[in-house]
Amino acid sequence: MIKIADAFQNGKAFIPFLTCGDPDLATTEKLVCAMAESGADLIELGIPFSDPTAEGPVIQEANERALAKGCTTDDVFALVKRLRTEDGLTIPLVFMTYANVVFHYGSERFLRNAAEAGVQGLILPDVPYEEKGEFDGACTAAGLELISMIAPTSHDRIRMIASEAKGFLYCVSSLGVTGVRSNITTDIAAMIRLVKEASDIPAAVGFGVSTPEQARAMCQSADGVIVGSAIVKLIAQYGTEAVAPVAEYVKAMKDAIR
C-alpha cells in the first residue's frame, strides 16, 4: 500500500503541485507521469475551485482556465484512477482543495471516492487547526491523512499542531498567498526545530520556493520542499507543450536537494 511517508524514505522529498485540468486533463495526466519520472517524490493535485483563497494570481488563473474547460471533481477522481491503473503511478498523491469543494460534493462521498481513486492525503488550506476535527476523523475512516499546515505566525501553536499532524507537515515559508518570491526571509530552521521537538513527522516547506538554490537552502533544515506557482507558470506559458519543460524543471529541483 502506498503511504505518504514513502515520499521521505529516500532523502529530501521534492513535492510539485499542479492544477488539474490546466490546460486540459490529458496534459495533466502526462505532466503527472513526467514529474514522477523526473524525480518527484509526492505530487499535490489541485482540484479546481472558483475561490482559491490561499492562492496568488498564477494559480488563481490556472483554476479559472481549468473551470472554463469544464473540469469537475469527478473528472479529477477519474484522472487519478487512470494514473494508478493505466499509467502505473506508484508515488503518493495528495489533493489540495478547499472545504467548500468537499462540502458541496458531500464530505463522506468525497473522501471515499478520493481514497478509492488512489489518493493518500488531503490538504485544506482554509481549515485551521481548531476546525480540523470536522474532517480529521472522516479522513482517517476513509484511509486518508489530513495534512496540517503551519505558518511563520503560528509561534506557540507549532508544537501543538505538529504533535497531532499526519502524513507530513506543510510549513508555509512566507505570509500571504502562494507565488514565486525572490527572497524568503522566514527563519525556517527555527520553525523546523519547534516541529521536531514535538514530533518526528516529516516537514516540507512551500509557498514562494521556485529556484534550485532556494530549494537547497530550505532542505538544509526541512525534509522536503513544495513548489507550485513556478510549475503552474510553465504550464501557462507552454500549454499542451509543457511536459518537457516541466520535466526538466522538476529534475533540476530534485537534483538540487539530493
Side-chain angles (χ1 to χ4, degrees), residues 4 15-29 31-32 42-84 92-149 151 165-170 172 176-179 206-207 226 228-229 231-232 235-236:
I4 289 174
I15 304 173
F17 164 94
L18 53 65
T19 300
C20 294
D22 177 40
D24 55 47
L25 284 162
T27 304
T28 298
E29 185 171 352
L31 283 163
V32 172
L42 179 152
I43 297 174
E44 290 183 13
L45 302 173
I47 297 178
F49 180 49
S50 58
D51 189 24
T53 53
E55 314 298 356
V58 170
I59 298 178
Q60 285 182 21
E61 290 166 6
N63 277 267
E64 291 169 4
R65 289 191 297 269
L67 290 171
K69 286 287 185 74
C71 182
T72 68
T73 300
D74 280 326
D75 289 335
V76 177
F77 288 145
L79 167 70
V80 174
K81 285 184 179 180
R82 288 196 302 274
L83 287 165
R84 291 301 192 201
L93 298 174
V94 170
F95 278 151
M96 185 167 184
T97 191
Y98 292 82
N100 270 351
V101 173
V102 181
F103 284 140
H104 179 73
Y105 194 88
S107 296
E108 289 188 12
R109 178 170 163 249
F110 178 98
L111 299 172
R112 182 180 66 250
N113 288 358
E116 289 176 354
V119 168
Q120 281 65 54
L122 178 66
I123 303 171
L124 298 172
D126 59 340
V127 176
Y129 168 81
E130 288 77 10
E131 297 175 19
K132 75 182 181 75
E134 196 160 1
F135 295 95
D136 197 22
C139 281
T140 300
L144 301 175
E145 293 182 299
L146 182 65
I147 308 302
S148 297
M149 304 179 82
K166 297 174 182 176
F168 72 92
L169 190 61
Y170 193 129
V172 177
V177 295
T178 58
F207 278 52
I226 303 161
S229 292
I231 291 171
V232 175
I235 296 169

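Only a predicted model underlies this, so the values are computations on that prediction, with no experimental measurement involved.
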Interatomic spacing from CD1 in I4 to CZ in F168 - rounded to 0.5 Å: 6.5 Å
Working for side-chain contact (heavy atoms from CB on, under 4.5 Å), residues L144 and Q120: CA-CA 5 Å; L144 301 175; Q120 281 65 54; 5.7 Å; no
Non-hydrogen atoms of M149 and L169 that approach each other most closely: N-CD1, 4.4 Å
Verdict with reasoning, I43 to I15, per side-chain contact (heavy atoms from CB on, under 4.5 Å): CA-CA 5 Å; I43 297 174; I15 304 173; over 6 Å; no
Short side-chain to backbone donor-acceptor contact, K69 and P23, under 3.5 Å: yes
CZ on F110 to CG on D74, rounded to 0.5 Å: 10.0 Å
Residues, nucleotides or ligands: over 12 heavy atoms within 6.0 Å of E108 CD: no
Spacing of CG belonging to L122 relative to CD belonging to E44, to within rounding of 0.5 Å: 10.5 Å
G21 backbone acceptor or donor facing T28 side chain under 3.5 Å: yes
Minimum-distance pair of heavy atoms, taken over all atoms of C71 and V76: SG-CG2, 3.9 Å
Closest approach of S107 to F135 (non-hydrogen atoms, all atoms of both residues): OG-CE2, 4.4 Å
Residue pair T73, H104: steps toward the side-chain contact (heavy atoms from CB on, under 4.5 Å) verdict: CA-CA 10 Å; T73 300; H104 179 73; over 6 Å; no
Main-chain N/O of L146 paired to D136 side chain as donor or acceptor, under 3.5 Å: no
Ring geometry between F207 and Y170 (parallel below 30°, tilted from 30 to 60°, perpendicular above 60°): perpendicular
Heavy-atom pair of closest approach, residues F95 and A114: CE1-CB, 3.7 Å
Which atom of D75 lies closest to which atom of G70, heavy atoms considered: OD2-O, 3.5 Å
F49/D51 under side-chain contact (heavy atoms from CB on, under 4.5 Å): CA gap, chis, key distance, verdict: CA-CA 6 Å; F49 180 49; D51 189 24; 3.9 Å; yes
Distance-minimising heavy-atom pair for L45 and C20: CB-SG, 3.7 Å
Short side-chain to backbone donor-acceptor contact, D22 and A66, under 3.5 Å: no
Interatomic spacing from CG in L79 to CZ in R84 - rounded to 0.5 Å: 11.0 Å
Atom pair CD (Q60) and CG (N63), whose distance is rounded to the nearest 0.5 Å: 8.0 Å
Geometric class of the Y105/F77 ring pair [parallel <30°, tilted 30-60°, perpendicular >60°]: perpendicular
Side chain proximity check, T97 to L124, heavy atoms < 4.5 angstrom: yes
Between CG on residue L83 and NZ on residue K81, distance to nearest 0.5 Å: 12.5 Å
